[in-house]
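Step one of this worksheet: look at the structure below.
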Amino acid sequence: MSRGATLARNAAPAVLAGMALGAKTALSSLAIVEFVFTWNGAGYAFILSVATGNVAFASAIALVFAVALALVGGLVALATRAVNVSAR
């Protein structure tokens with residue numbers, strides 16, 4: 001195995017964990033950023049639906065956000081396990 005492949009294999013779990021943290025932070029702060037800058041998106045629609053009392057729509061958006069966060073976490077866990085030799 002070449003030195004670059006060994007380096008990549010050893011660094012991959014930390015890189016994947018950092019990418020997952022970045023994705024989760026971006027998704028969780030989406031509503032605040034869209035509200036502050038008045039961007040029309042899912043986060044802004046979520047805040048407006050809460051403000052107007054549209055509970056069904058707010059619940060649907062919250063569920064989509066939760067599923068997206070769970071998928072990111074699950075995919076990173078699977079990818080980390082696939083590249084991490086010590087986890088086997």
Side-chain angles (χ1 to χ4, degrees):
M1 192 179 294
S2 71
R3 181 178 172 160
T6 303
L7 180 66
R9 177 165 271 202
N10 289 333
V15 170
L16 287 170
M19 290 172 59
L21 182 62
K24 289 180 180 182
T25 302
L27 189 58
S28 63
S29 64
L30 179 71
I32 297 166
V33 171
E34 288 182 0
F35 181 75
V36 168
F37 293 107
T38 320
W39 292 339
N40 291 328
Y44 191 68
F46 176 74
I47 291 175
L48 287 180
S49 64
V50 170
T52 58
N54 190 352
V55 177
F57 190 66
S59 299
I61 293 176
L63 180 63
V64 168
F65 284 170
V67 168
L69 286 172
L71 284 175
V72 166
L75 288 174
V76 168
L78 288 174
T80 302
R81 183 154 174 87
V83 298
N84 192 356
V85 181
S86 63
R88 294 181 189 159

**Message:** Using the rule that Ile, Leu, Val, Met, Phe, Trp and Tyr join whenever any side-chain heavy atoms are under 4.5 Å apart, tell me whether Val36 and Trp39 fall into a single cluster.
**Reply:**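 In one cluster: yes.
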
Heavy atoms only: give me the nearest [X]-[Y] pair and the separation to one decimal.
X	Y	answer
Val50	Ala58	CG2-CB, 3.8 Å
Phe35	Tyr44	CA-CD1, 3.8 Å
Val76	Leu16	CG1-O, 3.6 Å

**Message:** Any side-chain to backbone donor/acceptor pair from Ser49 onto Phe46? Under 3.5 Å, distance only.
**Reply:** yes

**Asked** What's the spacing between Glu34 CD and Ile47 CD1 if we round to 0.5 Å?
**Response** 8.0 Å

**Prompt:** Could you state the interatomic distance from CG (Leu30) to OG1 (Thr25), rounded to the nearest 0.5 Å?
**Reply:**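 Answer for the CG-OG1 pair, Leu30 versus Thr25, is 12.5 Å.
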
**Item:** Exceeds 12 heavy-atom contacts within 6.0 angstrom, atom CZ of Phe65
**Value:** yes

**side chain to side chain contact (heavy atoms under 4.5 Å, CB included) partner of Val67, chosen from Leu63, Leu69, Val64** = Leu63

